[in-house]
Amino acid sequence: GENVEQHPSTLSVQEGDSAVIKCTYSDSASNYFPWYKQELGKRPQLIIDIRSNVGEKKDQRIAVTLNKTAKHFSLHITETQPEDSAVYFCAASIGNQFYFGTGTSLTVIP
Amino acid sequence: DTAVSQTPKYLVTQMGNDKSIKCEQNLGHDTMYWYKQDSKKFLKIMFSYNNKELIINETVPNRFSPKSPDKAHLNLHINSLELGDSAVYFCASSQAVGRYGYTFGSGTRLTVV
């Protein structure tokens with residue numbers, strides 16, 4: 001099956017700085033890569049996704065990049081704000097299911 | 001209107017008891033899932049149903065039994081609860097298998113004492 005590795009496991013940034021979270025996957029057949037944000041005590045929520053035929057996608061302060069050759073994809077958050085503090089999960093889809101990364105706990109320091 | 005709703009939100013029960021968690025989605029999605037999130041936040045797939053049919057059944061003790069009476073509902077029944085079953089259980093749905101993101105329910109925090 002697919003193996004998704006996510007780094008770092010924890011990340012602290014100053015408010016206004018950028019944050020980058022990276023994931024690698026093992027199966028080249030993976031073709032859909034969503035990112036989820038989970039605030040403390042709440043459900044994971046889809047924040048952005050990218051399909052394998054696209055290299056980059058942006059939505060306001062959030063962007064995702066995909067390098068299919070190297071089998072890695074990254075989440076970029078610019079101008080971070082305290083409300084960006086949460087656990088972020090990447091996932092890779094192959095066949096019937098998603099394989100989730102182990103999560104990155106992001107803390108934005110005011 | 002809650003898209004994916006789970007009940008109960010909290011469940012505290014003694015070892016050995018049997019309990020059920022219910023999930024309903026009003027999004028018209030074909031696929032529903034159960035995930036377990038442990039204390040380290042790792043999201044582990046347990047089951048997936050597509051149009052009421054089981055398509056994923058990960059290595060889960062057979063004390064866990066899912067049931068999907070129709071494609072809008074996926075319930076989870078757990079027999080003989082153990083301490084290690086304590087976790088947050090999330091129901092989720094998606095438009096199609098593996099090609100669209102999930103909408104998660106609010107989770108059920110199960111504590112076995």
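Per chain, numbering begins at 1; letters A, B, ... match sequence-line order.
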> Counting heavy-atom pairs under 4.5 Å to chain A, which of B/G107, B/S48, B/S106 comes out on top?
Replying inline: B/S106
> What part of B/V88 is in contact with chain A, defined as an atom under 4.5 angstrom from a non-hydrogen atom: side chain, backbone, both or neither?
Replying inline: neither
> For B/K71, does the NZ atom sit with more than 12 other heavy atoms under 6.0 Å from it, leaving out its own atoms?
Replying inline: yes
>> Under 4.5 Å between side-chain heavy atoms, counting indirect links through other Ile/Leu/Val/Met/Phe/Trp/Tyr residues: same cluster for B/Y100 and B/I45 or not?
In response: no
> Under a single-linkage definition using a 4.5 Å side-chain heavy-atom cutoff for Ile, Leu, Val, Met, Phe, Trp and Tyr, are B/L83 and B/L110 assigned to the same hydrophobic cluster?
Replying inline: yes
> Residue by residue, which of residues 38-57 of chain A have a heavy atom closer than 4.5 Å to a heavy atom belonging to chain B?
Replying inline: A/Q38, A/K42, A/R43, A/P44, A/L46, A/R51
> If you count the non-hydrogen atoms of other residues, nucleotides and ligands that lie under 6.0 Å from NZ in A/K71, is the total more than 12?
Replying inline: yes
>> If you count heavy-atom pairs within less than 4.5 Å of chain A, which of B/A92, B/S94, B/G101 leads?
In response: B/G101
> Within a reach of under 6.0 Å around CD of A/E79, are more than 12 heavy atoms found that belong to other residues, nucleotides or ligands?
Replying inline: no
>> Using 30° and 60° as the class boundaries, would you call the ring planes of A/F100 and B/Y102 parallel, tilted or perpendicular?
In response: tilted
> Relative to chain A, which segment of B/Y35 carries a heavy atom at a distance below 4.5 Å: side chain, backbone, both, or neither?
Replying inline: side chain
> Is the A/Y36-B/F104 ring centre distance short of 6.0 angstrom?
Replying inline: yes
> What about B/Y89 and B/Y49, same hydrophobic cluster or not, with Ile/Leu/Val/Met/Phe/Trp/Tyr joined at side-chain heavy-atom distances under 4.5 Å?
Replying inline: yes
> Can you say whether B/L43 sits under 4.5 Å from chain A via the side chain, the backbone, both, or neither, judging by heavy atoms?
Replying inline: both
>> Can you confirm whether B/K52 is buried at NZ, in the sense that more than 12 heavy atoms of other residues, nucleotides or ligands lie under 6.0 Å from that atom?
In response: no
> Can you list the residues that meet the ring-ring contact (aromatic ring centres under 6.0 Å, His included) rule with A/F33, with sequence neighbours excluded?
Replying inline: A/Y25, A/F73
> Any idea which heavy atoms bring A/F89 and B/Q37 closest together, and the distance?
Replying inline: CZ-NE2, 3.6 Å
>> Within the supplied structure, the quantity of interest is the number of heavy atoms (other residues, nucleotides, ligands) at a distance under 6.0 Å from A/E83 CD; does it exceed 12?
In response: yes
> Should B/M15 and B/L11 be regarded as members of a common hydrophobic cluster, given that ILVMFWY residues are connected when their side-chain heavy atoms come within less than 4.5 Å of each other, either directly or indirectly?
Replying inline: yes
